[in-house]
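The block underneath contains the structure these notes are about, expressed in structure tokens.
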Amino acid sequence: MISPVEVPRLALDVRNLSVGFDRTSVIERLSFQVPRGSALAIVGPNGAGKSVLAKALIGALPHAGTISWEENTKIGYVPQKLDIERDLPITGGDFLRAKAVVVRACEADIADVLDLVGLKAESVGKPIGALSGGQFQRLLVAAALIGHPTVLLLDEPTAGVDEPGQDSINHTLDRLREERGLTILFISHDLSVVYHYATNVLCLSRGHSCFGVPRKVLTPQLLQELYGAPVAYHVHHDLRL
Amino acid sequence: MTFDSSAIALSVAAGAAAGLVGCFAVMRRMTLAADAISHIALPGIGVAILLRIHPILGGVAALLVGTLLVWGIENRTRLATETIIGVVFSTALAIGSLITSGEELIEALFGGVGHLTAVETTLGLVLALGVIGFVLWQRHRLVLALVSPEIAHTTGINVQRLNLYFLLVFALTIAIGLRYLGVLLVGSLVIIPAATAKRLARSLPGMLVISVAVSIASTTLGTWLSLSLHRTPGSMIILMAAGFFLLSLLRRSGT
């Protein structure tokens, strides 16, 4: 007797997605699927539309085509950069409390997420403009985790963070995916991180796009076509893919 | 005008409303917008005088229409808010100065010293309490939308609608101070105490408290001084606020 093949449940199903501004098309007829509990890396050169895709996925940009999230999906979003003044008198605590109140999370959740991302209470008492790059990124990840999201969508979550800090954030996210069954979509320029943590990769570039398992999809030839130059990266020895 | 209990209550309520709204206006970089939006009241005041209805009602109507216009243009074009406000306010000022003349224009620009009627006081108090309630109730949503509209969006906040509500509350705050301070000075009461608080505070609750305190101190002391020195309240209130701002400069930034 043939046993039925287990089809993974989808966290996200994108069909024929097109996004553009003022008659300029940024993303054209893009389709891909993200199984629940997987980690999708979105890669591509600057200007390829990665952040635009992320904003379209959260519904913040008008688009054509369909974006279907699994029912009862709760998204925790980490933006790439924030357009705020550095001298705002808003502390990390003010920001986390605002998120907690809006999503009706309790005070204890704030302590939990701070613990998860390894951010100390005294850092959270500082104005957000006074935090270091690494502390600020951890704060954004902590804010994304408030309210028990089912999906994390991170736009370069480790940009501006030193290497030990990057490893720590990436390990934390990977652990959360395994322990809590979170689906993670992350934009990254670091192909070593993509090889190490992603179960699938979506590459975006004008004229090229690809989707699949990183080891199979990201060939040196495709990377050269994608970025227009040879790309160096380091494949970790403890690859699980 | 006398400095009786109703005048004190209105000064305190208007000061608190302006202090709270000002915090978010300053953090949202709407400093220029505050001055500009207040000028939109002028044609409304002019039309009201022509129609022999209360000038402030005309000013409030013009402010609300102007705010909706600014919000509508902003959402239909990709122009910056400051650009749109700049165009709308210059047009409003041109229309206003055409249909308002002489003494009325001076009073509309710099505020009046006449006696506040019971209706004016009650309306001012109700509007001020509404503005205070809105900012305190929505402050967490306003913080999220300020830090990142996209994060706010993922929590279910309709950022576009929140922006409209904030602009309307901002316009109402301007309307509350219009009678006292006039079109030219009313924007300063929203901005100067909040700018002072931004220099001194290191957290959001701190900024809100300092801004409200500076604003109330400016409105009450300024009104009292204007009665003692027989000057227009608008000028005295703004001078008080400017004095507090200058004092805040004594504190070195980053300390």
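Each chain gets a letter, A, B and so on, in the order the sequences are listed, and its residues count up from 1.
Identified by a heavy-atom distance below 4.5 Å to chain A, the contributing residues of residues 151-160 of chain B are Ile151(B), His153(B), Thr154(B), Thr155(B), Ile157(B), in residue-number order.
In terms of non-hydrogen atom pairs under 4.5 Å with chain B, the most contact-rich of Ile128(A), Ile75(A), Leu82(A), Thr91(A) is Leu82(A). Ranked by heavy-atom pairs under 4.5 Å with chain B, the list Ala130(A), Pro127(A), Ala144(A) is led by Pro127(A). Heavy-atom pairs under 4.5 Å with chain B were tallied for Val103(A), Ile84(A), Val102(A); the largest tally goes to Val102(A).
Counting non-hydrogen atoms of neighbouring residues, nucleotides and ligands closer than 6.0 angstrom, the CZ atom of Arg29(A) reaches no more than 12 such neighbours. The 12-atom threshold is exceeded at CD of Glu122(A), counting heavy atoms of other residues, nucleotides or ligands nearer than 6.0 Å. Other residues, nucleotides and ligands contribute over 12 non-hydrogen atoms within 6.0 Å of the CZ atom of Arg29(B). Applying the 6.0 Å contact sphere to CD of Glu28(A) captures no more than 12 heavy atoms from other residues, nucleotides or ligands.
Between atom CG of residue Leu139(A) and atom OG of residue Ser123(A) there is a gap of 9.5 Å, rounded to the nearest 0.5 Å. Distance check, rounded to the nearest 0.5 Å: CD of Glu178(A) to CD1 of Ile184(A) gives 9.5 Å. Annotation: the span from Ser132(A) atom OG to Gln137(A) atom CD amounts to 10.0 Å, rounded to 0.5 Å.
Pairing each heavy atom of Val78(A) with each of Val141(A), the nearest pair is CG2-CA, 3.9 Å.
For Leu140(A), the part sitting under 4.5 Å from any heavy atom of chain B is the side chain, from C-beta outward, and nothing else. Residue contact with chain B, scored on non-hydrogen atoms closer than 4.5 Å, involves the side chain of Lys55(A) exclusively. Contact annotation for Met207(B): only side-chain heavy atoms (C-beta onward) come within less than 4.5 Å of a heavy atom of chain A.
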side-chain hydrogen bond (donor to acceptor under 3.5 Å, both in side chains) assessment of Ser51(A) paired with Asp155(A): CA-CA 7 Å; Ser51(A) 295; Asp155(A) 194 347; 2.6 Å; yes

